[in-house]
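Below is one structure; the comments refer to it alone.
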There are 2 protein chains.
Amino acid sequence: MNGRHSGRPTLEEVAVRAGVGRGTVSRVINGSPRVSDRAKAAVEAAIAELGYVPNRAARALAGNRTDAIALVIPEPETRLFAEPYFSDIIRGIGAELADTDMQLLLTLIRTPKERSRFAQYLAAHRVDGVLLVSVHEDDPLPDLLEQLEMPAVLNGRRSDLESVSYVDADNVGGARAAVSHLLARGRRRVATITGPTDMYVARCRLDGYRQAVEAAGLGVDDGLVAGGDFTEEGGRRAMRELLARRPDVDGVFAASDLMAAGARAVLREEGRQVPDDVALIGFEDSAIARHMDPALTSVRQPTEEMGRTMARVLLEEIAERASVRRHVVLATELVQRDSV
Amino acid sequence: MNGRHSGRPTLEEVAVRAGVGRGTVSRVINGSPRVSDRAKAAVEAAIAELGYVPNRAARALAGNRTDAIALVIPEPETRLFAEPYFSDIIRGIGAELADTDMQLLLTLIRTPKERSRFAQYLAAHRVDGVLLVSVHEDDPLPDLLEQLEMPAVLNGRRSDLESVSYVDADNVGGARAAVSHLLARGRRRVATITGPTDMYVARCRLDGYRQAVEAAGLGVDDGLVAGGDFTEEGGRRAMRELLARRPDVDGVFAASDLMAAGARAVLREEGRQVPDDVALIGFEDSAIARHMDPALTSVRQPTEEMGRTMARVLLEEIAERASVRRHVVLATELVQRDSV
DNA sequence: GGCGTGTGTGGGAGCGCTCCCACGTAGGCT
DNA sequence: AGCCTACGTGGGAGCGCTCCCACACACGCC
């Protein structure tokens, strides 16, 4: 099976059948405007009759491109992913790529060895562009991509001055909305459980908290800010800390649903009712939020839309020669449930 | 940038540098034994000095293969995925592929149009093999794959007589263990909420339920079997039905965590305590299970291991010419929490 | 010594495309 | 009429590999 010469039709055979030259068939396939309607129709008919599908490898070889982009997922992150996030973003990317004949390559990076191997891949131009999710500030990959002039789009950004193109959610706005909501409902001692502050996204959510508190004419009380690490256990610890420092806390904005779940568990242990004694808001609107008791009010990110946008931006960047960096920030939305 | 002749070294340049012919370099790269140690060392040195990375497209074109496999995800399924499942299985596949230079292509199939387009891809031999998750019994893809003699591995199977290679979890055994556990804890009226019975996986879990009930010397009471559809709302409906028919039910095995969550909500509404009045077990051990209140006892599937195994089986199938079908069933495990 | 057999090697041919040059042919201008 | 500019077109060259044939050379055997 699968012998040296498989029966699959080639561009040449299409040309013969259509009674035109190879060049013309190639032009039709690639949508060149420089083809007469007559020739175009003949070629299209021949393609349909023969069931011709262009050979990707040959195209790539001759055209010096790959028609493939890589979706890079740093492994440690996979674990942390609030779960629907992962598949939602993939769905968005897939949707945007569907009409293209761009292929999506999945690349998991676990170890430094794999990272350097991937760097080799990039240097060898095995992909036309790269989609990078969940970048850390110390990740060397974005800089490498920039240096190689490889089109790339990050999901999130490393800092305010991110130079590589990115698509991010409005973390500041989302956090601000959440905290404002708490304050508007009459909560006066609203605390926050932050993510690891060496992550930009965590700092953004903390900024949103601060902005909302200040906008309400209150001062930010450092006793009401507890550091978490985006994990459930971190949420627990932070909540205990908060309760110890400010027993009269009546509202908590956790920078992730998982931390909110941890906080909620501690509140239960301590006999505090949610939302009566303490109102609680998370971030991400994950499956966990919907299944908590009471169901958790949370900030939703337009995850699928982010995936879609990332793909679109990357395709644009690949299409144009010059590398204009694009920065897109998508709005977040407060999903109200029963924890406020 | 990225001009016609990029500076990347070619096999030919490596050959010149090593003072050997193209053929010898090719042999070294592909691990042929028919190379003298001297030549091999020279070539390897040249490769290292030049930072040579083989051109994939050229290889694919000349060798009539692609070094790529497709992971196919039927879109409607993504939504249903108990969430960690998705990323776990990908992680397993990635781990197995890491040492290979096989690429993983992600293919989402949403519409019939996309399905037929993918069929074209397959016919054009754009991948060396296919990994298919979550197949329905009426899915035409497996048969197509078989017909094309394309190496393929399913995650799960369509029926007992599945002809295509597959890797599946021991659904029957897992369900049996869950129900036996309930019976061993003294529950006498143990019900089950099934998945859609046109899905083989749902039938397997129902079989496991039956086997456990019969093994306990009890007869299967049809009144204790309610049909769900793997969704939370389906679990709700089924639980209401069950309560109406058998108000004295004291144990429920739900064929998915999501349905268990639905059932749990109804039980709460009806004032039944879990686990005191009704013990509850789910299937999948998803994030939801861990975050339910009380935390849900559930049957865990070795998801990452399944991904790993799928990849391994596929690679084997690609490596050998003949198509020997492989069937692997991996053990499941009951994870005990607080709902029993 | 002649003949086989085996092992390592070089390099031609070709995979199926895209790129681009060269060649008509038709139309617009002076 | 003569020229210049399009436009549409055919096909050569070449992308970087793998495959495989042919050859050289080192053995062993009769």
Those residues that, when tested against [X], pass side-chain contact (heavy atoms from CB on, under 4.5 Å) (two or more places apart):
| X | answer |
| --- | --- |
| B:Val328 | B:Val167, B:Thr309, B:Val313, B:Leu330 |
| B:Glu96 | B:Arg308, B:Ala311, B:Arg312 |
| A:Ala57 | A:Asn55, B:Ala60, B:Leu61 |

Contacts of A:Gln120 meeting side chain to side chain donor-acceptor pair (under 3.5 Å) (sequence neighbours excluded), chain-then-number -> none
By salt bridge (charged side-chain N to carboxylate O under 4.0 Å, His left out), which residues pair with [X], not counting sequence neighbours?
| X | answer |
| --- | --- |
| B:Arg27 | none |
| B:Arg59 | B:Asp101 |
| B:Asp67 | B:Arg65 |
| A:Arg326 | A:Glu316, A:Glu320 |

Does B:Ala39 reach a base, just sugar-phosphate, or nothing at all? Heavy atoms under 4.0 Å. sugar-phosphate
In short, side chain to side chain donor-acceptor pair (under 3.5 Å) pairs touching residues 37-49 of chain B with sequence neighbours left out are B:Arg17-B:Glu49
Axis-to-axis angle across the helix from C:dG1-D:dC30 to C:dT30-D:dA1, five pairs each end, nearest 10 degrees, ~ 40°
Of all the nucleotides listed ([options]), which has the minimum atom distance to the side chain of [X]?
| X | options | value |
| --- | --- | --- |
| B:Ala62 | C:dT9, C:dC15, C:dT18 | C:dC15 |
| B:Ser36 | C:dT9, D:dT9, C:dG10 | C:dT9 |
| B:Ala58 | D:dT18, D:dG16, C:dC17 | D:dG16 |

Spacing of [X] atom [atom1] relative to [N] atom [atom2], expressed in whole Å:
| X | N | atom1 | atom2 | value |
| --- | --- | --- | --- | --- |
| A:Leu61 | C:dT18 | CG | C1' | 10 Å |
| A:Arg8 | C:dG16 | CZ | C1' | 11 Å |
| A:Glu12 | D:dG10 | CD | P | 12 Å |
| A:Asn30 | C:dC19 | CG | P | 7 Å |
| B:Ile47 | D:dG16 | CD1 | P | 16 Å |
| B:Arg59 | C:dC17 | CZ | C1' | 20 Å |
| B:Arg56 | D:dC17 | CZ | C1' | 13 Å |
| B:Asp37 | C:dG8 | CG | P | 9 Å |

_Side chain B:Glu162, main chain B:Val164, donor-acceptor under 3.5 Å_ = yes
Result for 5'-nearest mapping on DNA chain D, choosing between B:Gly23 and B:Asn55, is B:Asn55
Please produce a list of atom pairs where a protein N or O lies less than 3.5 Å from an N or O of nucleotides 5-7 of chain D.
none

Residue pair B:Arg126 / A:Gln103, side-chain donor-acceptor N/O under 3.5 Å: no
| message | Could you tell me if B:Tyr85 and B:Asn155 have a donor-acceptor pair between their side chains, going purely by distance under 3.5 Å? | response | yes
Below the 4.0 Å mark, does C:dT18 have OP1 or OP2 next to a side-chain nitrogen or oxygen of A:Ser26? yes
* Check if the side chain of B:Arg22 and the base of C:dG12 share a donor-acceptor pair of N or O atoms closer than 3.5 Å. => yes
Contact string for nucleotides 21-26 of chain D, one letter per nucleotide 5' to 3', B = base within protein heavy-atom range under 4.0 Å, S = sugar-phosphate only, - = neither, reads ------
